[in-house]
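Some notes on the structure that comes next.
Keep in mind the model is a prediction, meaning the values are calculated, not measured. The figures that follow rest on heavy atoms only: side chains count, while hydrogens, waters and symmetry mates do not.
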Amino acid sequence: MGKRDNRVAYINPIAAARARGPAQNAGPSIQDYLSRPRPTWEELKEQLEKKKKGSRALADFEDKMNDKWRKELAKNREKLLSGIEKEKDKKITDKEKEEKKEKKEKKKKEKKKSSRHSSSSSSSSSSDSSSSSSSESEEVDEKKSIKKKRKRKKSSVRRASDSSEEESDADSKKKKKRIKEEVDREKDKSKKKRKNKHKKHGRKKKKKAASHSDSELD
C-alpha cells in the first residue's frame with residue numbers, strides 16, 4: 001500500500017482576482033454620496049424660519065401657564081394669610097376675655113375678703129385669747145415630743161455602741177485563746193521530740209558499753 005497524495009496545487013491570488021474581474025458593489029459608492037440631491041439656500045432659510053416659529057409658540061404657551069400658576073399661588077397665599085390673621089385675632093380676643101374674667105374674679109374675691117374682715121374684726125378680740133392659748137399648748141406639746149424622740153435616739157445609739165463593744169471584746173478573747181492553744185501545742189510537740197532524742201541517745205550508749213565489755217572478756 002502506497003501513501004496517499006495530499007498535495008494541493010498552488011494558485012496565485014492576484015492572478016485569480018484578475019481572472020474573476022471587477023467586484024460588484026452592494027452599496028452606494030462615494031460618487032453617489034457626493035452627487036446626492038441637496039436643498040438650496042432659500043429652502044434652508046424657510047426651514048429655519050419654521051423652526052423659529054415653532055419654538056416661539058412653545059415659549060408663548062409656557063409663559064401663559066406660568067401666569068396662571070402665579071395667579072393661583074397669589075390666591076392661595078391670600079387665603080393662608082387671611083386664615084392666619086383670623087387665628088391671631090381669635091387668640092387676641094380669647095386672651096382679652098380671659099383677662100376680663102380674671103379681673104372680675106379678683107374683684108369678687110377682694111369684696112368677699114373685705115366683708116369677712118369687717119365681720120371678723122368684732123369676733124377677733126374674743127378669739128385671739130383662745131387661739132393664743134391653744135397655740136401655746138400646741139408648742140409645748142411639740143417641744144415635749146421632740147425631747148422624747150431625742151432621748152430615744154440617744155438610748156438606741158448607746159445600746160448599739162455597747163453591743164458592738166461587747167462583740168469586739170468577745171472576738172478578741174476568742175482569738176487570744178486560739179493563739180494560746182496553738183503555742184501550747186507547739187511546746188508539747190517540741191518537748192516530745194526532745195524526749196525521743198534523749199531516749200535514742202541513751203540506747204546507743206548502752207549498746208556501745210555492752211559491745212565494749214564483750215570485747216574485753218574475749
Side-chain angles (χ1 to χ4, degrees), residues 1-110 153 156-157 160-161 163-165 167-168 170-172 174-179 181-183 185-186 189-190 192-193 196-197:
M1 295 284 296
K3 289 183 180 180
R4 186 177 289 177
D5 190 6
N6 292 323
R7 290 178 294 174
V8 179
Y10 175 72
I11 298 168
N12 191 358
I14 295 166
R18 283 174 183 169
R20 284 174 197 161
Q24 293 179 358
N25 291 321
S29 63
I30 295 166
Q31 288 179 355
D32 295 332
Y33 179 72
L34 292 170
S35 64
R36 71 186 184 280
R38 296 178 187 177
T40 60
W41 183 244
E42 291 177 355
E43 290 175 355
L44 278 170
K45 282 181 179 179
E46 287 177 358
Q47 288 177 4
L48 291 168
E49 286 176 356
K50 285 179 182 179
K51 285 181 181 178
K52 285 179 181 178
K53 285 178 181 178
S55 62
R56 282 174 186 171
L58 209 157
D60 293 333
F61 176 73
E62 287 179 352
D63 290 333
K64 287 179 182 178
M65 292 296 289
N66 287 327
D67 291 331
K68 285 181 181 179
W69 282 110
R70 282 170 190 166
K71 288 177 181 178
E72 288 181 359
L73 287 169
K75 286 179 182 178
N76 291 323
R77 281 175 187 168
E78 287 177 357
K79 285 179 182 179
L80 290 169
L81 291 169
S82 63
I84 291 163
E85 288 177 355
K86 285 179 182 178
E87 287 179 356
K88 285 181 180 179
D89 294 331
K90 284 181 181 179
K91 286 180 181 179
I92 291 163
T93 53
D94 292 332
K95 284 181 181 179
E96 288 177 354
K97 286 178 181 179
E98 287 177 357
E99 287 176 356
K100 286 179 181 178
K101 284 181 181 179
E102 287 178 356
K103 286 179 181 179
K104 286 179 180 178
E105 288 177 356
K106 284 181 181 179
K107 286 180 181 179
K108 286 179 180 179
K109 286 180 181 179
E110 287 175 357
K153 284 182 181 178
S156 64
V157 170
S161 62
S163 63
S164 62
E165 287 176 358
E167 288 176 356
S168 62
D171 293 330
S172 61
K174 286 179 182 179
K175 287 180 180 178
K176 286 178 181 179
K177 283 181 181 180
R178 287 176 185 173
I179 292 163
E181 288 177 356
E182 288 177 356
V183 171
R185 286 175 186 172
E186 288 178 356
K189 285 180 182 179
S190 62
K192 286 179 181 179
K193 285 180 181 179
N196 291 324
K197 284 181 180 179

Could you give the distance from [atom1] ([X]) to [atom2] ([Y]), rounded to the nearest 0.5 Å?
X	Y	atom1	atom2	result
Gln47	Lys50	CD	NZ	7.5 Å
Ile92	Glu85	CD1	CD	10.5 Å
Glu110	Lys108	CD	NZ	13.0 Å
Lys189	Arg185	NZ	CZ	8.0 Å
Glu99	Asp94	CD	CG	11.5 Å
Lys91	Lys88	NZ	NZ	9.0 Å

Query raised in the report: Is it true that Arg70 and Asp67 make a salt bridge, defined as a side-chain N closer than 4.0 Å to a carboxylate O?
Result: yes

Report summary line: Heavy-atom closest pair (Lys79 atom, Ser82 atom, distance to 0.1 Å) is O-OG, 2.6 Å

For atom [atom1] of [X], is the number of surrounding heavy atoms from other residues, nucleotides or ligands below 6.0 Å larger than 12?
X	atom1	answer
Leu80	CG	yes
Arg36	CZ	yes
Ile14	CD1	no
Ile11	CD1	no
Glu72	CD	yes

Query raised in the report: Counting only N and O atoms by type, is there a donor-acceptor contact under 3.5 Å from the side chain of Arg20 to the main-chain atoms of Ala17?
Result: no

